[in-house]
Structures are given as C-alpha cells and as structure tokens.
Amino acid sequence: MVDVALNHAASTSTDISNSALEKAASGKLLFKKTENYHPPCKINYGSGENDQNLQQCWFVVGDEGKNDISLMDLKTESAGVADVYNAWVGPFVQKYGIDGLRLDASKHMDLAFQHNLCQAAGVFCATEVVGEDVG
C-alpha cells in the first residue's frame, strides 16, 4: 500500500497566477494553470467544518515574504485536475506493483474525484480522515 497526497502543491508563495505557476519549481510544477487551483483561503476549523470550506480552502496559507510554505489547494472536482490524476494512477500502480492506495487528507478532496481515482487505479483504496468521529 502506498500513501498518496494528491490535494496540495507546496509553494513558498500564494501567487497562483499563470505566470507564477509557470515559474514555480523551475517550470516542473505539474499543474501550471490558475484554473487548477482554488483561490487562497484559510480553513476555518472553528466554523463547523462544512465540506465546501474543507474542500476548497488551503491546508496552509504561508506568510508571504517570509519563505513560509503554502499548500496550494488543487480543484480535484475539475476535469482538468481529475483527468491528469486518473491517467497517471493506473500506470503508476502497474509499474510499482502497488496493491492499495491510502488517500491522504480525504475530507479535503471531492468525493467523486476519489471514487473515480480508485476505479482508475484498480486497487484497494483507503482514506485518511483526521477527527474524533470514526463513523
């Protein structure tokens, strides 16, 4: 089983303009278009944690100018992101002989995305959800 963290891209900036994304990671960033990301916003953990806030806000919004790390939140509900991951996962599983995937930070991703990704992988999937309610 392999743990995969798919929902976030690390950056030292909160700038998700197309030009900034093109330059990020020396041009090696997988998703280089603004429309692949949710706009920067902090998760409000004290507000009842509604699905939209958890799935569309950033896990970490760094302090600009201090080289803090931000975790840019990918739009897993969009075809632009989902299609890339769904095309990647099957060959990844086959190449490394993986028998299962653990999806990190599951409650921060679109449920249909997770379902389709697991189908494309063709292996057992488990999800990680931090919280007190095991139901």
Side-chain angles (χ1 to χ4, degrees):
M1 180 171 274
V2 173
D3 185 34
V4 290
L6 304 171
N7 193 42
H8 305 93
S11 176
T12 55
S13 173
T14 57
D15 185 353
I16 56 170
S17 66
N18 287 332
S19 60
L21 293 171
E22 278 290 333
K23 292 177 191 172
S26 301
K28 296 178 183 174
L29 189 64
L30 180 60
F31 296 101
K32 297 179 178 136
K33 300 287 183 194
T34 300
E35 64 263 15
N36 292 321
Y37 298 90
H38 291 117
C41 63
K42 292 181 181 180
I43 295 172
N44 185 355
Y45 288 105
S47 69
E49 299 187 27
N50 68 52
D51 288 344
Q52 186 174 17
N53 182 261
L54 289 173
Q55 292 177 9
Q56 296 183 3
C57 288
W58 294 22
F59 232 23
V60 177
V61 179
D63 191 358
E64 203 64 53
K66 295 188 178 180
N67 289 328
D68 285 354
I69 299 296
S70 297
L71 293 176
M72 304 182 302
D73 195 75
L74 285 161
K75 284 185 181 176
T76 57
E77 71 275 14
S78 78
V81 172
D83 290 349
V84 169
Y85 277 138
N86 289 336
W88 160 80
V89 74
F92 173 72
V93 164
Q94 292 298 314
K95 180 177 182 176
Y96 296 104
I98 296 167
D99 63 356
L101 295 175
R102 177 189 175 272
L103 305 182
D104 188 70
S106 175
K107 69 181 176 180
H108 297 274
M109 293 184 282
D110 180 69
L111 292 176
F113 164 77
Q114 294 176 70
H115 172 78
N116 294 336
L117 181 83
C118 290
Q119 279 193 319
V123 295
F124 171 78
C125 284
T127 61
E128 176 264 346
V129 178
V130 176
E132 297 175 10
D133 181 3
V134 296

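Computed from heavy atoms alone, side chains included, the values below leave out hydrogens, waters and symmetry copies.
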CA sep, side-chain torsions, deciding dist, call: Ile69, Val60, side-chain contact (heavy atoms from CB on, under 4.5 Å):
CA-CA 7 Å; Ile69 299 296; Val60 177; 5.8 Å; no

The test is side-chain hydrogen bond (donor to acceptor under 3.5 Å, both in side chains); show your working for Asn18 and Thr34 and say whether it passes.
CA-CA 5 Å; Asn18 287 332; Thr34 300; 3.0 Å; yes

Show your working on side-chain contact (heavy atoms from CB on, under 4.5 Å) between Phe124 and Asp99 and close with a plain yes or no.
CA-CA 7 Å; Phe124 171 78; Asp99 63 356; over 6 Å; no

Candidate pair Leu6 and Thr76, rule side-chain contact (heavy atoms from CB on, under 4.5 Å), full reasoning
CA-CA 9 Å; Leu6 304 171; Thr76 57; 5.8 Å; no

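Clustering ILVMFWY residues whenever any of their side-chain heavy atoms sit less than 4.5 angstrom apart, transitively, puts Val2 in the very cluster that holds Val84. Side-chain heavy atoms closer than 4.5 Å link hydrophobic residues (I, L, V, M, F, W, Y) into clusters, and following such links, possibly through other members, connects Leu30 to Ile16.
With sequence neighbours left out, the ring-ring contact (aromatic ring centres under 6.0 Å, His included) criterion links His8 to Phe59. With sequence neighbours left out, Gln56 forms a side-chain contact (heavy atoms from CB on, under 4.5 Å) with His38, Gln52, Glu77. In this view, Asp83 satisfies the salt bridge (Lys or Arg N to Asp or Glu O under 4.0 Å) rule with no residue, not counting sequence neighbours. Taking the side-chain hydrogen bond (donor to acceptor under 3.5 Å, both in side chains) definition, one finds that Ser19 meets it with Ser17, sequence neighbours left out. The side-chain hydrogen bond (donor to acceptor under 3.5 Å, both in side chains) search around Ser78 returns none, not counting sequence neighbours.
For the pair Leu117 and Leu103, the minimum side-chain heavy-atom distance is below 4.5 Å. By the 4.5 Å heavy-atom criterion applied to side chains, Val4 and Asp104 are not counted as neighbours. Using a 4.5 Å heavy-atom threshold, the side chains of His108 and Gln55 count as separate. With a 4.5 Å cut-off on side-chain heavy atoms, Trp58 and Ile43 do not count as touching. Within the 4.5 Å cutoff, side-chain heavy atoms of Ser106 are placed close to those of Gln114. Here the side chains of Val93 and Val123 are in contact, with some heavy-atom distance below 4.5 Å. At least one side-chain heavy atom of Asp3 sits less than 4.5 Å from a side-chain heavy atom of Arg102.
With values rounded to the nearest 0.5 angstrom, Thr127 atom OG1 is found 11.5 Å from Leu101 atom CG. The distance from atom NZ of Lys23 to atom CG of Asp15, rounded to the nearest 0.5 Å, is 9.0 Å. For the atom pair CE (Met72) and CG (Leu21), the distance works out to 5.5 Å, reported to the nearest 0.5 Å. The structure places CE of Met109 at 12.0 Å from CG of Leu54, a figure rounded to the nearest 0.5 Å. With rounding to the nearest 0.5 Å, the separation of CG in Leu71 from OG1 in Thr14 is 12.0 Å. Atom CD1 in Ile98 sits 10.5 Å away from atom CE in Met1 (nearest 0.5 Å).
Residues Asn86 and Asn116 have side chains that never bring a donor and an acceptor to within less than 3.5 angstrom of each other.
Residue pairs meeting the ring-ring contact (aromatic ring centres under 6.0 Å, His included) criterion with at least one member in residues 70-90, sequence neighbours excluded: Phe31-Tyr85, Tyr85-Phe113, Trp88-Phe92.
Residues Pro91 and Ala87 approach most closely at CD-O, 3.3 Å, considering heavy atoms.
The neighbour count for Gln94 CD, taken as heavy atoms of other residues, nucleotides or ligands under 6.0 Å away, does not exceed 12.
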